[in-house]
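First comes the structure, then the notes that go with it.
When a ligand or atom number is given, it counts from 1 through the structure's own listing order. For the numbers below, each heavy atom of this structure counts, side chains included, while hydrogens, waters and symmetry mates do not.
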Amino acid sequence: KKIIELKNVYKDYQQAGTLQTVLHDITLDILVGEFVAIVGPSGNGKSTLLNLLTGIDHPTRGEVIVDGVRLQKMSGEKLTSWRGGHVGIVFQFFQLLPALTLLQNVILPMDFHAALPKRQRKQRAMQLLERVGLAEEAERLPSQVSGGQQQRAAIARALANDPALIVADEPTGNLDAATAASVFELFAHLRDQGKTLVMVTHNEALAEAATRKLEIRSGRIHADDSRLSAH
Ligand code: ADP
Ligand code: ADP
């Protein structure tokens, strides 16, 4: 079953007065349960590709369909609300809201989405924080915990609405090796649960844990290597 379909996708950016084609004719299916590592040199279109998958950005040409939804057809609040329920996003420098505790940060997406009754949201947020090893830090502010702990809180937040798809851009990029390893374990666990994961990473262990490696060079799919079958 396909969760992501890209059909002849192009993305142009206006840069210093000239139009630059950052993604060239990308056609790609991702199946439910795949863990796709997107690799390749920097400046080659990897983040742009992720932004198209989440609807943060739209293609210049072509179609992006996620979970049966054509993202270009949606905009504004509708798209934001769709994303909140369907996609968990983790960035390298993910900004947790600084005035909220880790617990409040994890509850927030559930308040926007409102799929769970209010009293169950806190309980779920606590479970997620436990899961990422942050039960003790739940009442702390982001500034009171380490970068790795913030990143793990950001992952817990991305999982709050139990998204079918988790998209991450260099999720271990600013972490030391030990913390990166614990984040890696979390993603491997999510993979084993059958979640669909798409992530840009330079971390070799993380790329090795993927079921599929997609190499992007000069805005094109340079290599597409599926090593394990998806669910
Ligand atoms: P990667 O993730 O592989 O490092 P990116 O997708 O971030 O590459 O960037 C690919 C190219 O697109 C770069 O030349 C970058 O400068 C350009 N680019 C990315 N986002 C924008 C934007 N919003 N406006 C203009 N140019 C952009
Ligand atoms: P176990 O590894 O103990 O079998 P499960 O995989 O059954 O745990 O997950 C228990 C709960 O924790 C579920 O509600 C699940 O959504 C949540 N969960 C599982 N993995 C993670 C994770 N990596 N991060 C956050 N929550 C998770």
Side-chain angles (χ1 to χ4, degrees), residues 3-30 34-66 70-80 82-83 86-95 147 150-151 154-155 158 163 165-175 180 183-184 187 190-191 196-227:
I3 187 162
I4 295 171
E5 289 175 75
L6 269 70
K7 295 184 186 167
N8 305 104
V9 165
Y10 290 78
K11 181 66 187 178
D12 299 335
Y13 281 123
Q14 194 76 40
Q15 278 182 336
T18 55
L19 208 58
Q20 200 199 352
T21 301
V22 172
L23 293 176
H24 301 260
D25 198 14
I26 305 263
T27 294
L28 173 69
D29 288 340
I30 294 175
E34 281 193 298
F35 176 176
V36 182
I38 300 178
V39 301
S42 75
N44 279 245
K46 302 184 299 297
S47 300
T48 301
L49 181 59
L50 284 193
N51 288 341
L52 299 183
L53 301 183
T54 57
I56 286 173
D57 207 348
H58 289 310
T60 310
R61 269 174 289 160
E63 285 183 11
V64 178
I65 299 164
V66 180
R70 201 164 307 240
L71 299 190
Q72 291 106 302
K73 301 273 182 217
M74 279 195 292
S75 61
E77 270 178 42
K78 219 176 150 206
L79 183 57
T80 306
W82 170 85
R83 189 185 299 123
H86 290 79
V87 190
I89 304 178
V90 184
F91 292 121
Q92 181 177 357
F93 298 102
F94 207 90
Q95 299 295 326
Q150 289 181 36
Q151 185 63 311
I155 293 170
L165 173 64
I166 296 143
V167 170
D169 199 347
E170 295 281 6
T172 58
N174 61 341
L175 305 181
V183 168
F184 160 80
F187 282 116
L190 291 169
R191 173 200 63 196
T196 309
L197 295 140
V198 181
M199 102 181 37
V200 170
T201 185
H202 288 116
N203 182 301
E204 282 187 20
L206 212 45
E208 283 308 310
T211 60
R212 181 173 175 188
K213 201 150 128 183
L214 199 65
E215 187 178 345
I216 302 291
R217 280 185 187 263
S218 306
R220 293 182 166 85
I221 297 174
H222 183 76
D224 184 356
D225 172 22
S226 289
R227 285 168 293 181

Discussion item. I need the minimum non-hydrogen distance between Leu53 and Leu71, along with the two atoms involved.
Written reply: O-CD1, 3.6 Å
Fill in: Gln151 side chain to Phe91 backbone, donor-acceptor under 3.5 Å
yes
Practice prompt. With sequence neighbours left out, write down each residue that passes salt bridge (charged side-chain N to carboxylate O under 4.0 Å, His left out) with Asp224, or none if nothing qualifies.
Written response: Arg212
Practice prompt. Provide the full list of side-chain hydrogen bond (donor to acceptor under 3.5 Å, both in side chains) pairs with a residue in residues 52-65, sequence neighbours left out, each pair given once.
Written response: Lys11-Asp57, Tyr13-Asp57, Glu63-Arg70
Discussion item. With side-chain hydrogen bond (donor to acceptor under 3.5 Å, both in side chains) as the rule and sequence neighbours excluded, what pairs involving residues 38-53 come up?
Written reply: Ser47-Asp169
Item to complete: Show the protein residues that qualify under the rule heavy atom under 4.0 Å from an atom of ligand 1, listing them in chain and number order.
Response: Tyr13, Gln15, Gln20, Val22, Pro41, Ser42, Gly43, Asn44, Gly45, Lys46, Ser47, Thr48
Discussion item. Quick one, Pro171 and Leu206 - any side-chain contact, counting heavy atoms below 4.5 Å?
Written reply: yes
